Amino acid sequence: MEEIKVWLTAIDHIQVTSPPEVENAMLFFYSQVLKLTEITKPLVLQANGGAWYVLGDIQIHVGIEKQANNQVSRRHICFRVHDLEAFAKHLQVHGVEIISDRVPPSVADRLPTGYDRFFIRDPGGNRIEIAEFTPIRLG
């Protein structure tokens, strides 16, 4: 029997992009609204702008891109939270628009039980899913 190699072991980082004119808003959003911890970018990359953040073992890199066109894309990061409703209120205090999950009932029935979510866009237009998983208790 042939041994199966598993090459991928983890996600190291995710990069989101924004145009230069909203760089300050992006950095405020990721550091102050989402409360991610900023980490130092390598010196050779600092002149490119943006910033790097960390959540658990995964880094989120905010990159600056002159032709960023994120507003039309469905690609996204999903962040888990413990209290979806409380986090939505936190976001709204910062003026972040909550985009309801527009999943048709036929699809919603196939989502895992105890799964609730909404979407937001960061200042650079990147789509972000916010999800809460509530374990189902039997008994």
Side-chain angles (χ1 to χ4, degrees):
M1 180 175 269
E2 185 179 332
E3 180 183 343
I4 298 175
K5 288 257 188 204
V6 177
W7 298 101
L8 307 178
T9 60
I11 294 175
D12 179 72
H13 70 274
I14 299 164
Q15 180 163 337
V16 295
T17 61
S18 85
E21 56 270 13
V22 296
E23 179 179 5
N24 289 338
M26 284 287 284
L27 303 184
F28 180 85
F29 180 81
Y30 282 90
S31 67
Q32 301 302 310
V33 178
L34 296 186
K35 302 287 187 189
L36 296 178
T37 302
E38 187 172 354
I39 58 175
T40 304
K41 287 176 64 171
L43 189 59
V44 68
L45 298 176
Q46 289 178 7
N48 297 338
W52 288 9
Y53 300 92
V54 67
L55 179 63
D57 292 334
I58 299 175
Q59 295 179 15
I60 295 92
H61 296 179
V62 175
I64 305 306
E65 205 173 43
K66 289 181 182 175
Q67 300 296 322
N69 185 17
N70 300 316
Q71 292 78 3
V72 296
S73 178
R74 294 190 64 223
R75 74 178 176 273
H76 63 278
I77 303 171
C78 178
F79 290 114
R80 285 189 184 185
V81 296
H82 293 292
D83 187 335
L84 193 67
E85 187 176 321
F87 192 64
K89 289 177 183 173
H90 165 77
L91 292 170
Q92 289 170 325
V93 165
H94 289 281
V96 177
E97 178 187 0
I98 304 299
I99 304 165
S100 65
D101 187 5
R102 296 186 180 106
V103 174
S106 60
V107 174
D109 291 343
R110 291 181 277 172
L111 288 174
T113 304
Y115 179 81
D116 198 10
R117 68 184 183 177
F118 59 77
F119 294 90
I120 60 176
R121 295 263 180 191
D122 68 21
N126 296 286
R127 187 174 187 227
I128 300 172
E129 179 179 350
I130 307 295
E132 177 182 8
F133 295 89
T134 307
I136 302 302
R137 293 190 174 92
L138 302 175

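Residue numbers start at 1 and run along the sequence shown. Quick caveat: nothing in here was measured; it's all calculated off a predicted structure.
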With sequence neighbours left out, the residues meeting salt bridge (charged side-chain N to carboxylate O under 4.0 Å, His left out) with Glu129 are Arg117
Sorted by chain and number, sequence neighbours left out, salt bridge (charged side-chain N to carboxylate O under 4.0 Å, His left out) with Lys89 holds for Glu85
[atom1]-[atom2] distance between [X] and [Y], expressed to the nearest 0.5 angstrom:
X: Ile120; Y: Ile130; atom1: CD1; atom2: CD1; value: 4.5 Å
X: Arg127; Y: Gln71; atom1: CZ; atom2: CD; value: 13.5 Å
X: Ile60; Y: Asn126; atom1: CD1; atom2: CG; value: 12.0 Å
X: Phe87; Y: Leu34; atom1: CZ; atom2: CG; value: 5.0 Å
X: Tyr115; Y: Arg80; atom1: OH; atom2: CZ; value: 8.5 Å
X: Asp12; Y: Asp57; atom1: CG; atom2: CG; value: 9.5 Å

The complete set of side chain to side chain donor-acceptor pair (under 3.5 Å) pairs with one or both residues in residues 25-49, sequence neighbours excluded, reads Tyr30-Asp122
query = Got Phe118 and Leu91 here, is their nearest side-chain heavy-atom distance under 4.5 Å?
reply = yes
- Tell me, do Pro123 and Phe29 make a side-chain contact under 4.5 Å, heavy atoms counted? yes
Find out if a path of hydrophobic residues (ILVMFWY) with successive side-chain heavy-atom gaps under 4.5 Å connects [X] to [Y].
X: Ile11; Y: Ile77; answer: yes
X: Ile64; Y: Ile14; answer: no
X: Val81; Y: Ile128; answer: yes
X: Leu55; Y: Phe133; answer: no

Connected to Ile39, directly or through other members, by ILVMFWY side-chain contacts below 4.5 Å are Val44, Leu45, Trp52, Val54
Connected to Phe119, directly or through other members, by ILVMFWY side-chain contacts below 4.5 Å are Ile99
**Asked** For Arg121 and Asn70, does a side-chain donor sit closer than 3.5 Å to a side-chain acceptor?
**Response** no
Those residues at least two apart in sequence (or on a different chain) that pass side chain to side chain contact (heavy atoms under 4.5 Å, CB included) with His13 are Gln59, His61
Heavy-atom nearest pair, His90 first then Val33, reads NE2-O, 2.7 Å
Note: Leu27 and Ala51 closest approach over all heavy atoms is CD2-CB, 3.5 Å
Judged by atom type as modelled, is there a donor-acceptor pair below 3.5 Å linking the side chain of His76 to the main-chain atoms of Arg74? yes
